[in-house]
Each structure stands twice: as C-alpha cells, then as structure tokens.
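Letters go in sequence order (proteins before strands), and every chain restarts at 1. Worth knowing before you read on, the calculation uses all heavy atoms, side chains too, and leaves out hydrogens, waters and symmetry mates.
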Amino acid sequence: MIKTVKYTRDILPEEFTNDLSAQSHRFQHVEAVAREAFRRYGYREIRTPIFEHTELFARGVGQETDIVSKEMYSWTDVNNDRLTLRPENTAPVIRSYIEHKMWASSDLVKLFYIGPMFRRERGQKGRFRQFYQIGVEVLGKSDNPAIEAEVIEMIYWILDELKISDTELLVNSVGCPACRPQFNETLRRELAPLLRELCADCNRRYETNILRVLDCKQDAERTAQLTPILDLLCRECNLHFLQFRSYLDHKGIPYRVEPRLVRGLDYYTRTAFEVTSRTLGAQSALLGGGRYDGLSETLGGPPTKGFGFALGLDRFVMSLPHDLADPSRPELYIAYLGERAFAYAMTLISKLRRQGIACVMDFEQRSLRSAMKLADKLKVAKVLIVGDNELDQGQLILRDMRSGEQQLLTEDELLRFFHGQK
RNA sequence: GCGAGCAUAGCUCAGCUGGUGAGAGCGCCUGACUGUGGAUCAGGAGGUCGCGGGUUCGAUCCCCGCUGCUCGCCCCA
C-alpha cells in the first residue's frame with residue numbers, strides 16, 4: 001500500500017477519521033474566522049508560489065538558521081535553477097512586495113496569506129513536514145508600535161471567536177542592528193566564565209546563536225543572574241518597546257514580558273511575540289511573529305518597515321473546542337421509489353441546488369427503508385420522499401428527521417419552503 | 001540529527017509466566033419490518049497477529065534486525 005510520506009498526513013472529512021486534529025471542517029472554520037478578521041482589519045489576500053528560488057530563503061531567513069541549514073526541501077531543476085519548497089512565507093511576501101513595487105502605490109500595505117509550508121523536521125505532536133500557516137505582513141514606511149498592538153488585538157479577536165482559551169501572550173524585544181552587537185557582546189562576556197557549568201546545548205548555542213542560551217530550560221537558574229537583555233537595548237528600541245506595551249495596556253490586552261523569548265529566524269528586530277497554549281504538549285506555540293525592519297533591504301528592496309505573524313493552523317485546530325459541528329453536511333436527502341420517481345428526483349434536485357440547498361440523493365434503486373437508513377447516516381435534517389403515490393397526487397412528503405414529523409407539499413411549496421430558509 | 005515507547009479486524013483495544021480452534025466493543029452488510037431512519041433482536045462479512053530472521057517439539061507472546069507510528073530533545077507554527 002502506498003501511504004502518505006513520513007510525517008505528512010491527510011486532512012479528511014469527519015466521517016473518515018475520529019482524529020479531531022485532522023478533520024477538514026475544523027480547518028475550514030479557522031480559515032473562515034481568520035478571513036473575517038482580515039476583512040474587518042483591512043488585510044488583502046496574497047497567494048505566492050509554494051516554491052521559490054533557494055536564494056530567497058538563504059538570504060531572507062538566514063543561512064545559519066536551523067530552517068535553512070537543515071530543514072529545507074530543495075532541489076536543482078532541469079535548467080539548473082536552485083529551488084525550494086517554502087519553509088515560511090514572510091520572505092516570499094517581501095519578495096512579492098518588492099517585485100510588484102507595492103511601496104509605490106501605498107504607504108502601508110497589509111497582506112494576509114493562507115497555505116502550506118514545508119520543513120524537513122522530525123514529526124511530533126503538532127509538528128508536521130507539511131503544515132499550514134495563516135499569516136499577515138504589514139509593510140511600509142511606518143514602524144509605529146500601534147501597528148503591532150492592532151495586530152495583536154486582531155489575534156485576540158480570532159482566538160476569542162474560535163473559543164480557544166488557556167493561552168498566554170509573551171512579548172519581548174530583541175533589539176536592532178544598532179544595539180544587538182553590543183548586548184551579544186555583553187552576553188558573551190558574562191557567559192564565558194559560566195560555560196563549564198552549562199549544558200552541552202548551551203555551549204553549542206554560545207557559538208551559533210548566543211541569545212538562545214537565555215531560552216534554555218535546564219540552565220534557567222544560572223542564566224537568570226545575567227543582565228536582562230531588555231536593560232541592554234538602545235534608547236530607540238527601549239522607547240519603542242515601552243510604547244508598544246502602553247498600547248497593549250491601553251487596549252486592555254494581557255501579556256507577560258518574557259526576556260527569554262528569542263525568535264529563531266534571523267530577520268527579527270525589536271518586538272517579538274508568541275502566543276502559547278497549555279493544551280498543546282511540547283510544541284506549545286500557537287503563533288509567533290514580530291518586527292523585521294531590515295528584511296526588504298536584505299532582499300534588494302527599498303528601506304521598508306515590516307511587522308507580521310504566522311499562526312499554526314494545525315495547532316489551532318488542535319486547540320479548538322471538541323464539539324465543533326460541521327456546517328457543510330447536506331441538509332436534505334431525496335428518497336425516491338421507482339423509475340418514474342427517479343427521473344423526477346433528478347430534475348428536482350437540480351432546482352433545489354440552484355436555489356442553494358445542499359442536497360443529495362443515491363443512484364441505486366433501493367427500498368425506502370434502506371434509503372432512510374442512508375439518510376440517517378448522512379445526518380441530514382430533512383428527507384424528501386417521492387414515489388408513484390406522490391407523483392400521482394402532486395404532493396411530496398417532507399420528513400423532519402429530528403421530530404419525525406411529515407408534511408405534504410407541492411413542488412412549488414417545497415421550493416418556497418427552502419427559499420424562505422435561506 | 002539524537003532518545004524513548006508502541007505495532008492484533010475499518011476504529012478502540014483484550015489475549016493471564018510461549019501450549020489444541022484468533023477474541024470483545026463500536027462500525028459495516030443482511031433480515032425480523034412489500035413505501036419510513038435512530039432503539040431492540042438474530043445472522044453475516046472482515047485478520048499474512050507490521051515485515052524478515054532466530055530460539056523452541058510448538059511463537060501474537062521470547063531474542064535480533066528492518067519499517068512504520070507516537071511522544072520527547074533540538075528547533076519552530
């Protein structure tokens with residue numbers, strides 16, 4: 001049997017899987033709520049290719065990051081192009097922003113995207129090699145922290161609307177090109193004498209990404225005595241962070257300052273944030289994002305401020321309430337008896353569908369009993385029964401599957417009945 | 001890339017220190033019920049016990065290897 005590739009999976013209609021985290025209607029629901037949020041907040045959809053030139057990610061995300069150095073699906077095309085399945089979508093969106101000169105037509109560009117990303121990681125709860133992200137990017141001339149607060153407010157609206165609770169917002173500032181070298185240096189100096197006491201991972205991080213040492217759970221006790229990164233920010237970064245926090249306070253959005261929060265992608269500057277959930281297991285990040293003011297220049301574009309986030313659709317789906325109903329189930333099942341009724345049902349069902357009614361019928365001649373069983377299994381709300389008797393009398397039977405009540409209707413009355421429902 | 005656990009029917013699992021016949025619940029199909037579902041009852045279909053090797057008179061059970069899944073580390077959404 002040919003199966004899905006390791007650590008990938010099918011997202012299925014609910015009738016084919018008990019796994020709530022893999023049911024397609026739950027994905028649809030998160031997408032629908034997110035799209036409504038984007039509509040209200042003025043975001044426009046962008047769809048970029050799922051593969052790009054490898055160089056885009058090497059330069060945008062950073063050659064030394066885990067993503068680029070070991071997790072990308074890359075290949076050389078027949079014409080020797082180096083191509084990569086996108087591992088994230090901020091760099092592609094910036095690429096598009098530059099390619100289509102969006103800066104020329106608007107000072108502030110607000111984009112959203114929904115789609116699959118690919119990373120060659122080991123699978124785990126809430127982590128797959130093909131996973132889905134919904135994200136936004138705010139691009140333009142302004143780096144006003146009010147932009148950041150508005151984005152986070154929108155995130156909270158989405159979380160509320162989806163009834164996802166038990167979450168926590170963590171915020172931090174990772175500085176800018178002006179102050180980061182300095183606090184990296186300070187960190188290096190303060191950590192040097194401690195290195196022998198720190199775990200193996202931290203010794204490695206000391207060389208590769210020193211900020212990550214702060215994120216280590218094992219060595220939390222020892223690193224707690226270091227100068228907090230927030231004390232080392234430059235004037236401008238410090239002011240920016242304070243303003244950002246005051247806007248959150250103003251909006252009544254609760255958060256926790258987490259000086260250990262460090263994002264793993266190179267392009268982040270200043271504000272970094274994450275929303276975690278207690279219910280997710282080891283991979284607790286529901287979403288993450290931050291500011292990336294230099295990214296456009298890095299990719300050959302004009303100086304541009306940027307802020308955005310991406311949410312893990314797979315993880316959102318896991319966090320949704322368990323009892324979410326699937327609204328895409330058919331409402332009506334047509335049970336027919338005999339050839340004449342079959343021909344009639346064929347044309348009637350077309351009329352109903354053109355009116356927007358979700359209705360289905362079976363194509364085998366079967367007993368009314370087995371048709372009813374089928375309708376029951378489909379969980380339709382109503383069943384229309386039509387046989388020779390009904391055709392002769394010009395009256396159809398409409399049965400409510402919940403109450404068991406039946407009424408007689410002419411075809412016109414039926415069409416009007418469902419029309420009124422819409 | 002590293003570590004641990006698991007692998008028996010479509011699903012969830014049982015199978016008592018290796019010993020005649022491979023099981024349960026749910027689901028599925030049929031009938032009791034010639035044109036009325038859910039409940040009940042009676043039948044039925046469905047399994048190379050993940051794959052390969054070894055130990056043994058005998059392996060679903062013990063050992064080794066492989067594969068897959070799951071969870072954790074790293075890292076991220």
Inset, instruction - Pick the C1' atom in B/rC71 and in B/rG31, then give their distance to the nearest Å. - result: 47 Å

Legend entry - Pairing partner of B/rA7 (Watson-Crick or G-U wobble, both distances under 3.5 Å): B/rU67

Inset, instruction - Can you tell me, in whole Å, how much space there is between the P of B/rG72 and that of B/rC51? - result: 29 Å

Legend entry - Identified pairing partner of B/rG46, criterion: Watson-Crick or G-U wobble below 3.5 Å: none

Inset, instruction - Whole angstrom is fine here: how far is it from CG in A/Leu368 over to P in B/rC33? - result: 16 Å

Inset, instruction - Give, for atom CZ of A/Phe38 and atom CD of A/Glu31, the distance between the pair rounded to the nearest 0.5 Å. - result: 10.5 Å

Write down the protein N/O and nucleotide N/O pairs, taken from nucleotides 27-32 of chain B, whose separation is under 3.5 Å; answer none if there are no such pairs.
{"from": "B/rC29", "atom 1": "OP1", "to": "A/Lys377", "atom 2": "NZ", "distance (Å)": "3.4"}

Inset, instruction - Report which part of the nucleic acid A/Ser367 touches: base, sugar-phosphate, or nothing (heavy-atom distance under 4.0 Å, all strands). - result: sugar-phosphate

Legend entry - Atom pair CD/OG of A/Gln63 and A/Ser69 - distance to nearest 0.5 Å: 8.5 Å

Legend entry - Separation of atom CZ in A/Arg119 from atom C1' in B/rA77, rounded to whole Å: 7 Å

Inset, instruction - Classify the nucleic acid contact of A/Leu337 as base, sugar-phosphate or nothing, counting any heavy atom under 4.0 Å across all strands shown. - result: base

Inset, instruction - Take A/Leu332 and A/Val383 through the side chain to side chain contact (heavy atoms under 4.5 Å, CB included) test and state the conclusion after the steps. - result: CA-CA 5 Å; A/Leu332 176 71; A/Val383 172; 5.6 Å; no

Legend entry - B/rG50 versus B/rU40 - spacing of their P atoms, nearest Å: 33 Å

Inset, instruction - Indicate, yes or no, whether a donor-acceptor pair under 3.5 Å links the base of B/rG35 to the side chain of A/Asp388. - result: no

Legend entry - Atom P, compared across B/rU48 and B/rU60: separation rounded to whole Å: 14 Å

Legend entry - Pairwise P distance, B/rA9 and B/rG47 [rounded to whole Å]: 10 Å

Inset, instruction - Can you see which heavy atom on A/Lys110 is nearest to which on A/Tyr41, and at what distance? - result: NZ-O, 2.8 Å

Inset, instruction - Respond yes when some side-chain nitrogen or oxygen of A/Gln283 is under 4.0 Å from OP1 or OP2 of B/rA77, and no when none is. - result: no

Legend entry - Candidates A/Thr54, A/Thr76, A/Asp77 - the one meeting side-chain hydrogen bond (donor to acceptor under 3.5 Å, both in side chains) with A/Arg82: A/Thr76

Legend entry - Rounded distance (Å) that lies between atom P of B/rC75 and atom CD of A/Glu274: 13 Å

Inset, instruction - Measure the CG-CD distance between A/Leu85 and A/Glu71 for me, rounded to the nearest 0.5 Å. - result: 13.5 Å

Inset, instruction - Look at A/Gln124 and B/rG72 and indicate whether a side-chain polar atom (N or O) is within less than 4.0 Å of OP1 or OP2. - result: yes

Inset, instruction - Please work out if A/Gly135 contacts a base, only the sugar-phosphate, or nothing of the nucleic acid, heavy-atom cut-off 4.0 Å. - result: nothing

Legend entry - Whole-angstrom distance between B/rU67 and B/rA14, as gauged at atom C1': 26 Å

Legend entry - Earlier contact from the 5' end, RNA chain B, for A/Phe131 and A/Thr4: A/Thr4

Inset, instruction - Mind checking A/Phe128 for me? I need base, sugar-phosphate or nothing, with any heavy atom below 4.0 Å counting as a touch. - result: base

Inset, instruction - Using the C1' atom as the reference point in each nucleotide, state the distance between B/rA4 and B/rC74 in Å, no decimals. - result: 15 Å

Inset, instruction - For A/Arg127 and B/rA77, give me the distance from atom CZ to atom P, rounded to whole Å. - result: 11 Å

Legend entry - Min side-chain heavy-atom separation A/Ile155-A/Phe273 under 4.5 Å: yes

Inset, instruction - Map A/Asn389 and A/Gly281 onto RNA chain B by nearest heavy atom, then report which one ends up closer to the 5' terminus. - result: A/Asn389

Inset, instruction - Rounded to whole angstrom, note down the C1' distance from B/rG21 over to B/rG25. - result: 22 Å

Inset, instruction - Searching all strands shown, indicate the nucleotide that pairs with B/rU60 (Watson-Crick or G-U wobble; both distances under 3.5 Å). - result: none

Legend entry - Pairing partner of B/rC41 (Watson-Crick or G-U wobble, both distances under 3.5 Å): B/rG31

Inset, instruction - For A/Leu374, answer base if it contacts any base atom (sugar-phosphate contacts may also be present), sugar-phosphate if it contacts only those atoms, and nothing otherwise; contact means non-hydrogen atoms under 4.0 Å. - result: nothing

Legend entry - Base B/rG1 paired with A/Arg122 side chain (donor-acceptor, <3.5 Å): no

Legend entry - Rounded interatomic separation in angstrom, taking CD from A/Glu15 and P from B/rC11: 16 Å

Legend entry - Residue matched to B/rA22 through Watson-Crick or wobble contacts both under 3.5 angstrom: none

Inset, instruction - Looking at every strand, decide which applies to A/Glu390 at a 4.0 Å heavy-atom threshold: base, sugar-phosphate, or nothing. - result: base

Inset, instruction - Measure the CG-CD distance between A/Leu287 and A/Gln133 for me, rounded to the nearest 0.5 Å. - result: 10.0 Å

Legend entry - Presence of A/Lys70 side-chain N/O under 4.0 Å of B/rC75 phosphate oxygens OP1/OP2: no

Inset, instruction - Tell me which nucleotide among B/rU70, B/rG37, B/rG1 gets nearest to the side chain of A/Tyr7. - result: B/rU70

Legend entry - salt_bridge(A/Glu45, A/Arg47) N-O dist < 4.0 Å: yes

Inset, instruction - Name the pairing partner of B/rC73, where a pair is Watson-Crick or G-U wobble with both distances under 3.5 Å, or state none. - result: B/rG1

Inset, instruction - For A/Ile134, report the nucleic acid contact type (base, sugar-phosphate, nothing); a contact means any heavy atom under 4.0 Å. - result: nothing

Inset, instruction - Report which part of the nucleic acid A/Gln406 touches: base, sugar-phosphate, or nothing (heavy-atom distance under 4.0 Å, all strands). - result: base

Inset, instruction - Look at all strands and tell whether A/Ala375 reaches a base, only sugar-phosphate, or nothing, counting heavy atoms closer than 4.0 Å. - result: nothing

Legend entry - Spatial distance of atom CH2 (A/Trp157) from atom CD (A/Glu153) [nearest 0.5 Å]: 11.5 Å

Inset, instruction - Pick base, sugar-phosphate or nothing for A/Glu121, based on heavy-atom distances below 4.0 Å to the nucleic acid. - result: base

Inset, instruction - Only counting residues at least two apart or in another chain, list the ones meeting side chain to side chain contact (heavy atoms under 4.5 Å, CB included) with A/Glu258. - result: A/Leu170, A/Arg256, A/Arg260, A/Leu261

Legend entry - For atom CD1 of A/Ile155 and atom C1' of B/rA77, their distance in whole Å: 12 Å

Legend entry - A/Lys3 NZ - B/rC51 P separation (whole Å): 12 Å

Inset, instruction - Starting from P on B/rU36, measure out to CG on A/Leu408 and report it in whole angstrom. - result: 16 Å

